[in-house]
Participant: 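Questions regarding the structure given below will be posed in turn.
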Number of protein chains: 2
Amino acid sequence: MTLVVASKDNIPTTAERILDAAEDLFAQKGYSATSLGDVADRVGIRSPSLYNHFRNKEALYASVLERLLVEFSKPLLEMQQSSELSQERILQWLDTIVRQHHANPNLARLLQHAALSGGPHTNEIIERLFSPMFQSPDEEELEGDYFGQLSRQGLQPWAVMAFNNLVMSYVTMAPMYRDLLGQDPFSEEALEQQLALVNTLLKAVFAYRGD
Amino acid sequence: MTLVVASKDNIPTTAERILDAAEDLFAQKGYSATSLGDVADRVGIRSPSLYNHFRNKEALYASVLERLLVEFSKPLLEMQQSSELSQERILQWLDTIVRQHHANPNLARLLQHAALSGGPHTNEIIERLFSPMFQSPDEEELEGDYFGQLSRQGLQPWAVMAFNNLVMSYVTMAPMYRDLLGQDPFSEEALEQQLALVNTLLKAVFAYRGD
DNA sequence: AGGGTATACTAACGTCCATTAGTTTATGGT
DNA sequence: ACCATAAACTAATGGACGTTAGTATACCCT
């Protein structure tokens with residue numbers, strides 16, 4: 001796996017510009033529908049020049065993935081080690097991932113492509129993104145009553161998945177939102193409404209008792 | 001658009017077998033990553049023979065889409081005309097689409113591909129699947145208090161989208177469920193749990209008042 | 001100044017793909 | 001029996017794609 005170090009001045013290296021272009025294209029069209037010619041065109045070079053920076057198409061894809069996984073894992077890991085699990089923490093976690101995916105929709109899109117079509121790195125993405133969520137920081141049990149009625153039904157992991165999917169499908173389904181709500185899904189107002197929605201939803205689940 | 005009539009005896013025509021194969025492949029890999037050779041292989045014929053049944057690749061795709069949209073619109077339209085809008089009706093609607101997408105995950109997968117990558121028929125899918133949900137049957141207003149606190153925040157359409165995404169992302173993210181929950185997402189038990197989850201979630205939203 | 005490294009380029013390859021043309025084969029109606 | 005139609009096949013074409021080889025140019029270190 002090629003490791004691309006971030007250039008500390010604000011002028012990006014060619015490798016970074018390739019990663020940027022490839023990330024957008026892989027996220028939009030998926031692995032096989034993205035051609036190296038497309039990537040090269042965006043960067044402004046010829047496709048064989050890509051091989052000066054990445055061994056081949058698959059290595060480029062792996063690098064794109066690696067950069068995204070690092071970017072997305074960082075704040076969640078920090079949050080996980082900072083304090084005890086609680087309903088406030090879960091609300092905060094939800095707020096964080098909504099903002100993260102809003103700021104960069106590409107990881108959600110890439111993961112969605114991988115989940116739909118398979119591909120060699122699918123399991124790795126799933127493991128690195130989601131298994132941290134299914135174990136508490138210091139080996140404690142996570143079978144508390146955090147999700148109210150849902151926990152009592154044994155649906156706590158299902159609820160975690162559901163809220164994740166809610167957040168990710170917002171960005172993977174963005175064109176639908178644009179069409180049906182008549183609003184840019186990546187505007188600031190839309191972010192606020194999405195935050196209000198998931199927040200209210202989660203609080204409703206916390207508050208709900210009995211059938 | 002080629003119209004393929006269902007053969008009433010239980011032996012499917014070649015055109016139907018092509019549609020079946022193409023539906024699976026388009027749903028899994030998306031439009032451009034699916035090759036006519038793949039489709040033909042599944043049917044057990046050579047790819048040029050496909051042209052005896054469909055004008056070209058795009059027409060085949062359009063036919064696949066048409067069949068799915070008809071199949072999925074039918075029960076929802078019936079339900080929409082049968083009775084007044086109410087919270088029970090919404091619960092029933094949710095139950096229906098969960099079962100529908102569980103029985104045939106391909107529409108959700110195709111729509112997800114379309115939403116991610118664009119493509120000529122994306123808007124049509126969105127319109128035909130979702131705009132019926134944003135208007136009541138007989139020109140009534142849909143601004144009632146069906147979603148409790150969420151309606152009061154002006155998030156009613158957002159809530160409709162959210163529950164839809166919840167259902168569809170369950171099937172588009174099925175491999176994730178398999179990995180993290182260690183369970184076949186298309187088994188009967190999984191269906192029951194998914195039904196229980198969305199049901200509880202919706203009831204929680206109905207019941208939730210105030211912040 | 002000179003030589004090495006990094007990085008761009010053009011040319012070319014083999015493969016796969018959608019599509020067309022032309023041919024064969026079986027079936028069903030007159 | 002005959003012929004038309006449907007539906008399969010093989011062969012071929014033109015384009016796109018990933019990848020390799022070989023070459024040119026600019027920068028850095030001594």
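Bear in mind the structure is a predicted one, so any value in this text is a computation, not a measurement. Just so we're on the same page: letters track the sequence lines, and every chain starts at 1.
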Participant: Cation-pi check, A:K57 to A:Y31: give yes when NZ or CZ is under 6.0 Å from the six-membered ring centre and within 45° of the ring axis, no otherwise.
Facilitator: yes
Participant: Between atom CG in B:N56 and atom C1' in C:dC17, what is the gap in whole Å?
Facilitator: 14 Å
Participant: Please state how far atom NZ in A:K57 lies from atom P in D:dT19, giving the value in whole angstrom units.
Facilitator: 8 Å
Participant: What's B:S32 touching, base or sugar-phosphate or nothing? Going by heavy atoms closer than 4.0 Å.
Facilitator: nothing
Participant: Does the side chain of A:N199 come within less than 4.5 Å of A:L94's, by heavy atoms?
Facilitator: no
Participant: We want to know whether B:E66 and B:H121 form a side-chain donor-acceptor pair, criterion being a heavy-atom distance below 3.5 angstrom.
Facilitator: no
Participant: Produce a footprint string for nucleotides 23-29 of chain D: one letter per nucleotide, 5' end first; B if the base is under 4.0 Å from any protein heavy atom, S if only the sugar-phosphate is, - if neither.
Facilitator: -------
Participant: D:dT19 P sits how many Å from A:L60 CG, rounded?
Facilitator: 10 Å
Participant: Can you build the contact string for nucleotides 3-16 of chain C? Use B for base contact, S for sugar-phosphate-only contact, and - for no protein heavy atom under 4.0 Å.
Facilitator: ----BBBBB-----
Participant: Which heavy atom of A:P75 sits nearest a heavy atom of A:T96, and at what distance?
Facilitator: CB-CG2, 4.5 Å
Participant: Using every non-hydrogen atom in the two residues, find where B:P185 and B:Y177 come nearest and quote the distance to one decimal.
Facilitator: CG-CB, 4.0 Å
Participant: For the pair made of OH in A:Y51 and P in D:dG22, what is the distance, rounded to whole Å?
Facilitator: 17 Å
